[in-house]
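Worksheet: the structure to be examined is printed underneath.
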Protein chains: 2
Amino acid sequence: MTLAEKAYDALRHDIIRGELAPGRPLRLSDLSERYDMGFSPLREALNRLHAERLVTAESLRGFRVAPLSLDELHDAVNVRIKIECDALRASIELGDDNWAAGIVSALYALNLQVGRTGPDADIWTLEARHYAFHRALLAACNSPWTLEFFERLYAATERYRIPTLLAATQPSGRDVQAEHGALAQATLDRDAETATALLEAHYRKTASYLTNVFGANEPDGLAATG
Amino acid sequence: MTLAEKAYDALRHDIIRGELAPGRPLRLSDLSERYDMGFSPLREALNRLHAERLVTAESLRGFRVAPLSLDELHDAVNVRIKIECDALRASIELGDDNWAAGIVSALYALNLQVGRTGPDADIWTLEARHYAFHRALLAACNSPWTLEFFERLYAATERYRIPTLLAATQPSGRDVQAEHGALAQATLDRDAETATALLEAHYRKTASYLTNVFGANEPDGLAATG
DNA sequence: GCAATAATTATTTTCGAAAATCTTTGGAAT
DNA sequence: ATTCCAAAGATTTTCGAAAATAATTATTGC
């Protein structure tokens with residue numbers, strides 16, 4: 001693995017997890033020290049991340065962690081719903097046994113992690129399995145473009161979810177596990193109408209929850225403070 | 001404008017227009033000579049283009065112009081239809097007079113260029129105005145993510161259309177101008193059902209035409225020969 | 001001859017310094 | 001006090017060479 005690839009992974013990790021706060025300037029000399037490498041691999045990574053909209057760039061004025069905003073969250077969620085519902089319909093139509101088994105397996109692994117408490121309750125494992133479950137639902141859609149856009153939007157919305165997960169303020173009233181179970185069941189039953197309705201409801205609930213959290217905490221658009 | 005930005009524009013231009021053939025290796029020393037700059041700005045541009053899937057990259061083995069394939073064309077067209085129809089519905093709902101005027105103006109400019117023959121019949125101007133027209137239809141959708149995906153997919157499919165335009169083998173049976181006119185009219189009438197149906201038909205026609213052209217010319221997947 | 005290996009060449013990747021550009025600071029003029 | 005300009009400093013951008021890796025060619029042993 002080249003240094004540029006390591007830089008990309010590390011920066012992406014740190015941005016999505018919020019260790020590099022939204023809006024924060026990404027100075028090459030700082031990053032060079034932080035990640036222990038020269039400018040070249042860092043600039044390559046930053047350019048990749050800029051193309052993915054995780055960092056902003058201004059000519060001759062360097063890079064910053066892309067800011068968060070409620071507008072962007074709403075947009076990303078709405079587009080996700082459209083794209084993922086289409087992809088889910090296609091998957092339900094085209095998916096084979098292998099696809100179905102992948103969903104069962106991903107859901108099982110996710111639920112194991114949701115159930116864990118104490119030292120085993122690793123939030124990043126949980127997040128990875130959450131991604132894997134949603135990815136498994138769409139795996140049979142046979143559309144590389146759709147899957148790429150799914151990944152982009154997942155990463156974009158993940159940035160809003162992470163701080164919430166870390167704060168662990170998830171309201172008790174909501175049983176996400178049951179939502180995932182019902183979604184998987186409808187999908188495996190090849191009931192596209194129910195499945196897409198559940199998927200949309202799942203995202204709208206999450207979005208409205210996140211909107212409340214962020215709207216309350218940072219009224220002027222989630223702009224970072226440092 | 002920095003050298004890296006110039007490199008990006010030039011490479012993107014040359015790739016989309018096919019001056020750099022699909023599959024062709026993009027060696028830094030060659031590019032350095034071709035565009036008269038050092039490695040650094042070229043690598044930045046190549047990384048950006050890689051993120052946009054216009055070039056492929058393999059670790060320690062350099063870059064290539066991304067290959068073309070009928071599968072990718074079909075995928076891109078199908079996803080375009082979904083995304084653009086959604087965006088068109090949103091635009092029709094949200095668009096104001098300014099949006100409508102933009103469509104009228106873009107269509108007018110496009111038709112002027114379609115009508116030109118001889119030395120004024122510049123294919124790149126035509127292409128730019130075709131893009132501007134379709135972009136104008138969606139301009140009011142109020143969704144940056146949707147517009148970004150539109151741009152990505154437009155660029156991806158443009159690569160298939162350009163060789164056809166250059167060959168000027170467009171069959172006489174098809175009146176693209178009339179299609180654009182009807183599409184604009186339905187949109188300005190805020191008739192979302194008709195407009196999206198026309199948009200879908202427009203793309204399916206183009207796609208089926210391109211499929212024939214490419215399928216006949218290069219049966220094993222459009223892989224470049226150099 | 002042919003496979004395996006060493007040497008050579010070609011290419012990518014990375015570094016460190018130089019050049020270019022932006023930002024801040026300090027001082028002079030009004 | 002405020003505005004303007006120049007100097008100093010900080011930062012990005014670019015280059016050219018060195019290092020690392022891949023691909024090719026030559027050589028050896030059988």
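Just so you know, these numbers come straight off a predicted model, no measurement behind them. Residue numbers start from 1 in every chain, and the chains themselves are labelled A, B, ... in the order their sequence lines are given, proteins ahead of strands.
- Taking the six-membered ring for Trp and thresholds of 30 and 60 degrees, B:His180 and B:His134 have ring planes more than 60 degrees apart, a perpendicular arrangement.
- Distance CZ (A:Phe39) to C1' (C:dA18): 13 Å, rounded to an integer number of Å.
- Here C:dT11 presents its P atom at 7 Å from CG of B:Asp30, a figure rounded to the nearest Å.
- Annotation: cation-pi pair B:Arg43/B:Phe63 absent, no NZ/CZ under 6.0 Å from the ring centroid and within 45° of its normal.
- A salt bridge links A:Asp86 and A:Arg89; the closest N-O separation between the charged side-chain nitrogens and carboxylate oxygens is under 4.0 Å.
- Between B:Leu26 atom CG and C:dT11 atom P the separation is 13 Å, expressed in whole Å.
- Across all strands, A:Thr2 comes closer than 4.0 Å only to sugar-phosphate atoms, never to a base (heavy-atom distances).
- Following rounding to the nearest Å, B:Glu44 (CD) and D:dC15 (P) show an atom-to-atom distance of 11 Å.
- A:Leu28 comes within 4.0 angstrom of a base, heavy atoms only.
- Atom CE in B:Met1 sits roughly 16 Å away from atom C1' in D:dT14 (whole-Å rounding).
- When each of A:Leu60 and A:Pro41 is assigned the nucleotide of DNA chain C with its nearest heavy atom, A:Pro41 is the one assigned upstream, toward the 5' end.
- Rounded to whole Å, the distance from CG on A:Leu42 to P on C:dT13 is 15 Å.
- Distance CD (A:Glu58) to C1' (C:dC22): 11 Å, rounded to an integer number of Å.
- When rounded to the nearest whole Å, the span between CZ of B:Arg43 and P of C:dC15 equals 12 Å.
- Side-chain nitrogen and oxygen atoms of A:Arg61 include none within less than 4.0 Å of the OP1 or OP2 phosphate oxygen of C:dT21.
- Checked for salt-bridge contact, A:Arg53 and A:Glu72 miss the test: no charged N lies under 4.0 Å from a carboxylate O.
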